[in-house]
Each structure stands twice: as C-alpha cells, then as structure tokens.
Peer 1: 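One structure is given below, represented as structure tokens, and several questions about it will come after.
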Amino acid sequence: MPKRNPFLTIIVTGVPGVGKTTVLKLTSKMLAEKGVNHVILNYGDYMLETAKRRGLVRNRDELRHLPLRTQLELQEEAARSLVEAAGEKLGGKPGVLIVDTHAAIRTDTGYWPGLPEHIIKCFNPDSIVVIEAKPEEILSRQLRDPTRYRKDLANIEEIEKLMAMARTAAMASAVLTASSVYIVYNREGQPEKAAEEIIKLIEKLS
Ligand code: ATP
Ligand code: AMP
Ligand code: MG
C-alpha cells in the first residue's frame, strides 16, 4: 500500500494567478477558528530562499525561467526542507499539512511536472486539490496583481493550455501515491467559498 503520513496531507495546485495563496489564507483562518492543528507551506517560498541565497534570482517569478537542471535541484531541496518543517510545525500531534504549489510549471524549455515521482513520494498526499476558475478571470487576476511578474503566462490561450496540463499533471502525480484529485472552483469575488470547499474535503478525509 502507498505510505501515508501521521497527519493529513493535502497538496494544493492550480495555474499562476488562479488564487491558491489567497484561498489558503482563508482556509488557514477557518481551520484556526475550528481549533485544527495545521500548517500551510508554500513550496515556492522554499525554492526562492535557496535560489536567492545563491544569487540565482531576485523574485519568485524568475524561478521558472532558470535552467531546468537548476530548477530540478531547487525542487528537490525544497521538498526535503518542507517535509522537515511540516513535521516540526505540527509537533508530532495529529493535524493537517497543506502545500501550496504547482502540478505543472511552464518553463522556458517546456511544461514541467511540479510533482514528479521522487517529489510526490516525499509528501504522500491523501489528496491533490486543483483550483480552477474561468480563464478570463484568471487573466484579469494576473493583470490586476502588481506584486507579481506573470506576463509570460498572461494570455487566454496560454492559460487554457496550462490549465489542461495542470489537471493532467495532477492526476498523473495522484496515480503514483493513490491520492484523490479534488477540483475546487475559485469563483470571482468568492474566495471564501473555495476555502470552504477545502475545509469540506479535510473534514471528509479526517
Ligand atoms: P501563484 O501561483 O502565481 O502564486 P496564486 O494562485 O497563489 O498564484 P494569488 O496570488 O492567490 O494566486 O491570487 C492572484 C490574484 O488574484 C491576487 O491579486 C488575488 O487578490 C486575486 N484573487 C484571488 N482569488 C480571487 C477571487 N476569488 N476573486 C477575485 N480575485 C481573486
Ligand atoms: P508560487 O508563488 O506558488 O507561484 O511559486 C513560485 C515559483 O516556485 C513557481 O512559479 C515555480 O517556479 C516554483 N515552484 C513552486 N512549486 C514548485 C514545484 N512543486 N516544483 C517546481 N517549482 C515549483
Ligand atoms: Mg501563490
């Protein structure tokens, strides 16, 4: 049987700008209100920290433009640090780990899996969530967000292609760990509804 962690593990994916980090902030608030021991870790934060320390990038949106072998190294180091941090933060008590990440990344040399076999097997997720929204809404979220550099992705055709890749990649990763794939819609102006969907998933998995 595939391995499972002592804590519930959920990996949250979706194309850049769909609203993963926004929805997960709300999810965290809701879990805290319910008194659920949980930790939400952003995969990109871990890759960025190492890449910045090595002088490879200035911001998180430069990571996907690095040479693929460099991304591969950063990806692996991040997975190890994330798993270690999760164990520490949950303090050996029952709880929930949520990882904010990507199942498919649009690099300069092709679509690339965020959760290939050696990575997904570090996490052993119970479920992989794919957050989705209408492509036009994702585009307008990307364009409205001044904190990020998503210009390389900001057109409808690219968003549609990446969404298809992201769904396929999520299922491909799920097969390796016998995880479920759970699609959550992040409707315009209603990120809390998407957060509630994730809470429902957690309750049903518990
Ligand atoms: P990335 O993968 O690049 O980190 P993300 O999926 O984490 O992207 P966010 O940074 O959470 O995306 O959101 C992108 C932008 O969309 C933000 O400006 C956020 O405020 C906005 N946004 C998120 N969800 C919604 C929503 N339901 N309705 C309207 N705007 C939203
Ligand atoms: P985010 O803030 O979620 O967009 O993460 C910043 C960047 O980190 C992404 O654009 C990717 O380049 C990188 N990243 C995040 N998760 C992964 C992953 N699982 N594998 C490889 N790169 C990732
Ligand atoms: Mg984010």
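Note that ligands are numbered from 1 as they come in the structure, with each ligand's atoms numbered from 1 the same way.
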Peer 1: Taking the basic N atoms (NZ, or NE/NH1/NH2) and the acidic carboxylate oxygens, is any pair closer than 4.0 Å for Arg141 and Glu188?
Peer 2: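 The answer is yes: the pair qualifies as a salt bridge.
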Peer 1: Does the pair Asp108/Arg64 count as a salt bridge with the N-to-O cut at 4.0 Å?
Peer 2: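 A salt bridge is absent here (no side-chain N lies under 4.0 Å from a carboxylate O).
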Peer 1: Quick one: does Met47 get within less than 4.0 Å of ligand 2, heavy atoms only?
Peer 2: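 Checking ligand 2 against Met47, which is what was asked, there is a heavy-atom contact under 4.0 Å.
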Peer 1: Which residue holds the protein heavy atom closest to atom 1 (P) of ligand 2, what is that atom called, and what is the gap in Å?
Peer 2: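 Residue, atom and distance for the closest contact: His102 NE2, 3.5 Å.
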Peer 1: Check the side chains of Arg144 and Ser140 for a donor-acceptor pair under 3.5 angstrom, ignoring hydrogens and angles.
Peer 2: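 Side chains of Ser140 and Arg144: pair found under 3.5 Å.
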Peer 1: Would you call Glu197 and Lys200 a salt bridge, using N to O less than 4.0 angstrom?
Peer 2: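 The answer is yes: the pair qualifies as a salt bridge.
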Peer 1: Is the contact between Gln142 and ligand 1 made by the side chain, the backbone, both, or neither, using heavy atoms and a 4.0 Å cut-off?
Peer 2: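 For Gln142, no heavy atom sits under 4.0 Å from ligand 1.
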Peer 1: Classify the contact between Arg60 and ligand 1 as side chain, backbone, both or neither, using a heavy-atom distance cut-off of under 4.0 Å.
Peer 2: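 Within the 4.0 Å criterion, Arg60 makes no contact with ligand 1.
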Peer 1: Less than 4.0 Å between a side-chain N and a carboxylate O, is that true for Asp61 and Arg148?
Peer 2: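 A salt bridge links Arg148 with Asp61.
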Peer 1: Considering non-hydrogen atoms of the protein only, which is the closest contact for atom 4 (O) of ligand 2, and what is the distance?
Peer 2: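 Here the nearest protein heavy atom works out to Arg148 NH2, 3.0 Å.
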Peer 1: Looking only at heavy atoms, is any part of Glu137 under 4.0 Å from ligand 1, and if so is it the side chain, the backbone, or both, or is it neither?
Peer 2: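 For Glu137, there is no contact with ligand 1 at all, from either part.
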Peer 1: What protein heavy atom sits nearest atom 10 (O) of ligand 2, and how far away is it?
Peer 2: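 Scanning the protein heavy atoms, the shortest distance from atom 10 (O) of ligand 2 goes to Arg64 NH1, 3.3 Å.
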